Amino acid sequence: MDQGPSTSSAGQDFGGFVNEPVNDHAARLLCIVDDMCTSDILDRHLGFVTHKTQEEPLAAFSKEDLAYLKQQRTMYIDACAPSSRFTIERCAMFEEDGGVGAKVMAAKDLKSGTVIQELCGRLVTVRESFLKPGRNDFSVVYSNFRKKSQLWLGPAAYANHDCESNCDIFFLRSGVACLRTNRPVRVGEEVTAFYGEHYFGANNAHCLCATCKEKVEGAYANTEPPPKATPLLHCAHCPAKFLFKSWLVRHLSRHVDMCKFSCGVCGESFSRKSSLNRHAVGHDSSMTKFPCTLCPKSFTRKEDAARHLNSVHLKLSTHHCMDCELTFKSNKEMQYHHNRCHTGLKPFACDQCDASFHAPNALHNHRKRRH
Ligand SMILES: C[S@@+](CC[C@H](N)C(=O)[O-])C[C@H]1O[C@@H](n2cnc3c(N)ncnc32)[C@H](O)[C@@H]1O
């Protein structure tokens, strides 16, 4: 999101930009506390797993870190409170969000110029090298004026971009910005921000906002030549199609023998040797440093212990991806994520052209856009 000087309304220090030393620790900490808050507060409230930066957890939190976590928690608690002037809801509009996106909707009529303080987020300046595309760069504010990028994480990060947005960024205090309406917003209307002229490609050519749709601009414009159909590799055993041979080869192993690696200690079987190896260290007590607090199981990785606690004991998101640490509310959501991020599987084929997609909502968007 590009922010020139004109949108810096309240904060004279421009949200902590002035002479602020760039500090990867601060950025990491913000990612970690935000992931914790969205898991604990927002995801429980919504009933699905929202975006995560996947930053490695800290070994220990200092007193200052805990105070920081508390402040971030307060932002989400206020945002999810019944008195909040907006709600955060599921949004299946953008394929890039992997079926687990969210959007902000007005819960009350708002006059033009309303500072929605509870729709805020914390800003931390980052080096470009810190940002990992598609992982931790999902909410970045860029200042054309100061030539710096800042992560902006908190409830406000769920506001989508619209080329004629109804809100602007408003700097509340050093390091904290919220949204302010720039025209009257009616209850039930989506609350949107303007990310910048070129956030979704040059002149926002890939923008999928409602305004672009209405004006047949951005990704809806008919100016591009029809996309050249990429020859897809077909699986001989099922309808799956793949872009790369390596993806097809990996997929084919599923049709051969799903469980060819079995554990010599407990007999559990796995389709991959790496999964068996990971499982086997669980039998070696010298390697398991993270015990479950509620049962005798022990884990080599802190994330695995947390995932076990969440799924087995707390019955939170029980469907975990077999290839990464993300968990999902339903098996379908997990499968769509797995298709998109790990196998490239595109089982949802368009009946009017050669395109196929990882999830039904992506197919639906394609049909609406192209046919
Ligand atoms: C700051 S997040 C907004 C919240 C997002 N919907 C989510 O749940 O993660 C930015 C991401 O939302 C999606 N997005 C928001 N507005 C968009 C738009 N106008 N066109 C395309 N994608 C958009 C893109 O995936 C983008 O990377």
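Worth knowing before you read on, the calculation uses all heavy atoms, side chains too, and leaves out hydrogens, waters and symmetry mates. Just so we're clear, the structure is a prediction, and the values are computed from it rather than from any experiment.
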message: Does any part of the side chain of Thr38, heavy atoms only, come nearer than 4.5 Å to the side chain of Tyr76, both counted from C-beta?
response: yes
query: Just wondering, do Arg44 and Ser39 contact through their side chains at under 4.5 Å, heavy atoms?
result: no
- prompt: Do the non-hydrogen side-chain atoms of Ile116 and Arg180 ever get within less than 4.5 Å of each other?
  reply: no
task: Check side-chain hydrogen bond (donor to acceptor under 3.5 Å, both in side chains) between Lys103 and all other residues, then give those that pass, not counting sequence neighbours.
output: none
- prompt: Between atom NZ of Lys213 and atom CG of Asp162, what is the distance when rounded to the nearest 0.5 Å?
  reply: 12.0 Å
- prompt: Does a side-chain heavy-atom distance below 4.5 Å link Val33 with Gln71?
  reply: no
query: Is it true that His51 and Phe138 have ring centroids separated by less than 6.0 Å?
result: yes
With Thr53, the side chain to side chain donor-acceptor pair (under 3.5 Å) member among Asp35, Asp34, Asn136: Asp35
message: Could you go through Asn203 and Glu197, starting from their C-alpha distance and side-chain angles, then the distance that decides it, and tell me whether this counts as side-chain hydrogen bond (donor to acceptor under 3.5 Å, both in side chains)?
response: CA-CA 6 Å; Asn203 299 316; Glu197 299 290 342; over 6 Å; no
message: Do Phe61 and Glu64 make a side-chain contact, defined as non-hydrogen atoms from C-beta onward lying under 4.5 Å apart?
response: no
query: Do Val140 and Tyr195 touch side chain to side chain, with heavy atoms closer than 4.5 Å?
result: no
query: Taking atom types as modelled, is there a side-chain donor on Thr50 or Asp43 under 3.5 Å from an acceptor on the other?
result: yes
statement: Between Leu46 and Ile88 the two heavy atoms that sit nearest each other are CD2-O, 2.9 Å
message: So, taking the atom named CG in Leu151 and the one named CZ in Phe130, what distance separates them when rounded to the nearest 0.5 Å?
response: 6.0 Å
- prompt: Just checking, any donor-acceptor pair under 3.5 angstrom between side chains of Glu89 and Thr87?
  reply: yes
- prompt: In terms of hydrophobic clustering (I, L, V, M, F, W, Y; side-chain heavy atoms under 4.5 Å; direct or indirect links), are Trp152 and Tyr68 co-clustered?
  reply: yes
message: Between Asp137 and Lys132 (salt bridge meaning N to carboxylate O under 4.0 Å), is one present in this structure?
response: no
message: Checking Thr181 against Asn166: is there a side-chain donor and acceptor pair closer than 3.5 Å?
response: no
task: State yes or no: do Leu110 and Met105 share one hydrophobic cluster built from I, L, V, M, F, W and Y residues joined by side-chain heavy-atom distances below 4.5 Å, directly or via other members?
output: no
- prompt: Side chains of Tyr336 and Pro360: does their closest heavy-atom pair fall under 4.5 Å?
  reply: yes
- prompt: Ring centroid separation for His161 and Phe200, is it under 6.0 angstrom?
  reply: yes
- prompt: Near Arg73 CZ, under 6.0 Å, is it more than 12 heavy atoms from other residues, nucleotides or ligands?
  reply: no
query: Transitively linked via ILVMFWY side-chain contacts under 4.5 Å: Leu153 with Leu66?
result: yes
message: If you apply the rule salt bridge (Lys or Arg N to Asp or Glu O under 4.0 Å), what do you find for Glu164 with Lys215, and how did you get there?
response: CA-CA 11 Å; Glu164 289 177 8; Lys215 295 186 166 179; 2.5 Å; yes
query: Where do Val115 and Cys178 land on the side-chain contact (heavy atoms from CB on, under 4.5 Å) test, with the steps shown first?
result: CA-CA 7 Å; Val115 176; Cys178 69; 3.5 Å; yes
Minimal non-hydrogen separation, Glu128 against Ser149, with atom names: OE2-OG, 2.6 Å
